[in-house]
Amino acid sequence: MSLTCFVKKNATKKVVNRYYIGIMGSPLKSLVHDDDRYQKSFHLFLERSSEHQCMQDFIHNKLPDILSSIGDGKSHLNVIGVGSGAGEIDLELLNELHKKHPEAMVDNEVVEPSSQQLHNYKVLVSQKPELNYIKFTWNKMTASEFEEHWKLRKVTKKADFIHMIQMLYYVKDPGATISFFQSLLDTNGKLLIILVSGESGWGKLWLRYRKELCNTDISQCVTTGDIKSLLDSKGVSYQSFDLPSQMDIIECFTEGDEKGELLLDFLTEVLDFSKTASPELKAGVLELLRHPDCSVETEGKVVFNNNLGVIVINKPT
């Protein structure tokens, strides 16, 4: 995964207060409590992984067909980006939308709780005068706060395209969040979700160490496999796509290696994991990360399965 991302979309957008409990019961502090170390680990993750590339491949090669059917020829399209981070991926999505509907104006609701990320997004937009067909509405709030405000204001506007990229990890009830945003879709509207795949190394790590690494009061270790099961149980139809992604984590297995410790922090989302985790937890995590369920060893590398999944949901019938 990435830490929500965008990366996780933007991993940087996932700002949460959270503690992990190790096997021996000692509290492990979340990586997000040390922004400098988080940024270092995040950027190392981006260097090593093909996550952004696999997302861009999907956006440019698969998404256009999905977007072609929305809007019904309307002159205005309504878009909601939930957990937009600094906006890089949002703007790529909007560019593809514009290519498919070049005559349409776009109302774009940006939902992002981080002031810094919203500032970065605004700066990015200010550098692109060609985006004058988009009206941006900036909502400094979480997804649940946006839902609450939307209901209080009794907004009746419907959305043609909603995207939630690498953000469902950080809502209390992913199923309820999906249901709310799906209810906002207009006829032929699309809800796009991107998360780590249940078959990825992240999925295997969470399956084994969910209790130790996931504080479900604040963060959900949720994968596309979990979301598909949820949608299947409700009889909700969807399209799904697999996005292959990987990264070399060989340094994680060299004691004291600076890059390895940064990667371990990012993979576990624990600050100074190798120094603060119990010996049992550390040994178990390292063993699993090297196991064929999570990684492949080749040419002197340990290549971690960082696969993502895409789910596209239509307006409820």
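Smallest separation of non-hydrogen atoms from Leu94 and Tyr133: O-OH, 3.5 Å. For Val171 against Ala143, the heavy-atom pair with the smallest separation is CG1-CB, 4.2 Å. Contact between Val196 and Val222 at its shortest, heavy atoms only, is CG2-O, 4.1 Å. Nearest heavy-atom pair across Ser114 and Glu112 is N-OE2, 3.0 Å. Across all their heavy atoms, Thr276 and Leu271 have their closest contact at OG1-O, 3.4 Å.
Taking 4.5 Å as the limit, some side-chain heavy atom of Phe241 sits within range of a side-chain heavy atom of Gln239. By the 4.5 Å heavy-atom criterion applied to side chains, Leu93 and Leu97 are not counted as neighbours. No side-chain heavy atom of Ile80 sits less than 4.5 Å from a side-chain heavy atom of Met164. When side chains are defined from C-beta on, Lys204 counts as touching Cys294, because their heavy atoms get closer than 4.5 Å. Side-chain contact between Leu231 and Ile313 is present, with heavy atoms from C-beta onward closer than 4.5 Å. Residues Ile178 and Leu191 meet the side-chain proximity criterion, which asks for heavy atoms closer than 4.5 Å. Residues Cys252 and Ile249 form a side-chain contact, since some pair of their non-hydrogen atoms from C-beta on lies under 4.5 Å apart. For the pair Glu96/Lys100, no side-chain contact is recorded, criterion being any heavy-atom separation below 4.5 Å from C-beta on.
Between Phe146 and Phe181, the ring planes lie parallel to each other; the angle is under 30°, not in the 30° to 60° tilted range. The aromatic rings of Trp138 and Tyr121 lie perpendicular to each other, with more than 60° between the two planes, well past the 30° mark.
A donor-acceptor contact closer than 3.5 angstrom links the side chains of Asn139 and Glu109. In this structure, a donor-acceptor pair under 3.5 Å is present between the side chains of Asn306 and Ser245. One side chain, Ser84 or Asp90, offers a donor N or O that lies under 3.5 Å from an acceptor on the other. Side-chain atoms of Glu92 and His60 include a donor-acceptor pair closer than 3.5 Å. Of the N and O atoms on the side chains of Tyr238 and Asp232, at least one donor lies less than 3.5 Å from an acceptor on the other residue. Checked by atom type, the side-chain pair Asn314/Lys190 shows a donor-acceptor distance below 3.5 Å. A donor atom on one side chain and an acceptor atom on the other are found under 3.5 Å apart for Asn188 and Asp72.
Interatomic distance, CG of Leu46 versus CE of Met247, reported as 10.0 Å (0.5 Å rounding). Between the CD atom of Glu148 and the NZ atom of Lys151 there is a distance of 9.5 Å, given to the nearest 0.5 Å. The distance from the CD atom of Glu147 to the CG atom of Leu152 is 10.5 Å, given to the nearest 0.5 Å. In this structure, CD in Glu212 is found 14.5 Å from CH2 in Trp206, a value given to the nearest 0.5 Å. In this structure, CD on Glu258 lies 11.0 Å from CG on Leu263, to the nearest 0.5 angstrom. Note that the OG atom of Ser274 and the CG atom of Leu281 stand 11.5 Å from one another [nearest 0.5 Å].
A salt bridge is defined here as a Lys NZ or Arg NE, NH1 or NH2 lying under 4.0 Å from an Asp or Glu carboxylate O, and Glu297 with Arg290 meets this definition. Taking a cutoff of 4.0 Å between a charged side-chain nitrogen and a carboxylate oxygen, Lys301 and Glu251 do not qualify as a salt bridge. Comment: Asp186 engages Lys74 in a salt bridge, judged by a side-chain N to carboxylate O separation of less than 4.0 angstrom.
Atom NZ of Lys228 is surrounded by more than 12 heavy atoms from other residues, nucleotides or ligands within 6.0 Å. The 12-atom threshold is exceeded at NZ of Lys122, counting heavy atoms of other residues, nucleotides or ligands nearer than 6.0 Å. The neighbour count for Lys157 NZ, taken as heavy atoms of other residues, nucleotides or ligands under 6.0 Å away, is above 12. Other residues, nucleotides and ligands place no more than 12 heavy atoms under 6.0 Å from the NZ atom of Lys62. Other residues, nucleotides and ligands contribute only 12 or fewer heavy atoms inside 6.0 Å of the CD atom of Glu103.
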Apply side chain to side chain contact (heavy atoms under 4.5 Å, CB included) to the pair Lys282 and Leu286, showing each step before the final yes or no.
CA-CA 6 Å; Lys282 180 180 176 182; Leu286 286 171; 4.0 Å; yes

Please test Leu184 against Ile162 for side chain to side chain contact (heavy atoms under 4.5 Å, CB included), starting from the C-alpha separation and ending with a verdict.
CA-CA 9 Å; Leu184 302 187; Ile162 302 172; 4.1 Å; yes

Evaluation steps, salt bridge (Lys or Arg N to Asp or Glu O under 4.0 Å), between Arg37 and Asp272:
CA-CA 9 Å; Arg37 188 165 179 84; Asp272 293 322; 3.4 Å; yes

Yes or no on side chain to side chain contact (heavy atoms under 4.5 Å, CB included) for Val106 and His76, after CA distance, side-chain angles and deciding distance?
CA-CA 6 Å; Val106 174; His76 275 80; over 6 Å; no

Please assess Ile134 against Met105 for the test side chain to side chain contact (heavy atoms under 4.5 Å, CB included), listing each intermediate value before the final yes or no.
CA-CA 6 Å; Ile134 305 173; Met105 300 296 290; over 6 Å; no

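Connection of Phe42 to Leu124 is established within a shared hydrophobic cluster, with ILVMFWY side chains joined at heavy-atom distances below 4.5 Å, either directly or through further cluster members. Val303 and Leu205 fall into different hydrophobic clusters, where Ile, Leu, Val, Met, Phe, Trp and Tyr are joined by side-chain heavy atoms under 4.5 Å apart, directly or via other members. No continuous path of hydrophobic side-chain contacts links Phe304 to Val296 [ILVMFWY only; heavy atoms under 4.5 Å]. Linking Ile, Leu, Val, Met, Phe, Trp and Tyr residues whenever their side-chain heavy atoms come within less than 4.5 Å leaves Leu230 and Val236 in two separate clusters. Leu207 and Leu308 are assigned to two separate hydrophobic clusters, defined by single-linkage of ILVMFWY side chains at heavy-atom distances under 4.5 Å.
Phe161 and His163 have their aromatic ring centers within a separation under 6.0 angstrom.
Under the 3.5 Å distance criterion, the side-chain polar atoms of Asp160 are matched with a main-chain donor or acceptor of Asn78. Within the 3.5 Å criterion, the main-chain N or O of Asp248 finds a donor-acceptor partner in the side chain of Arg48. A donor-acceptor pair under 3.5 Å is formed between the side chain of Arg210 and the backbone N or O of Cys221. Judged by distance alone, with hydrogens and angles left aside, the side-chain atoms of Asp226 form a donor-acceptor pair with the main-chain N or O of Thr223 at under 3.5 Å. Counting only distance, with no hydrogens or angles, the side chain of Gln246 and the backbone of Asn305 share no donor-acceptor pair below 3.5 Å. A donor-acceptor pair is defined here as one N or O able to donate and one able to accept, closer than 3.5 Å; no such pair exists between the side chain of Asn95 and the backbone of Leu91. At distances below 3.5 Å, at least one donor-acceptor pair connects side-chain atoms of Glu145 with backbone N or O atoms of Thr142. In terms of modelled atom types and a separation under 3.5 Å, the side chain of Asn307 and the main chain of Ser197 share no donor-acceptor contact. No donor-acceptor pair closer than 3.5 Å links the side chain of Ser50 to the backbone N or O of Gln53.
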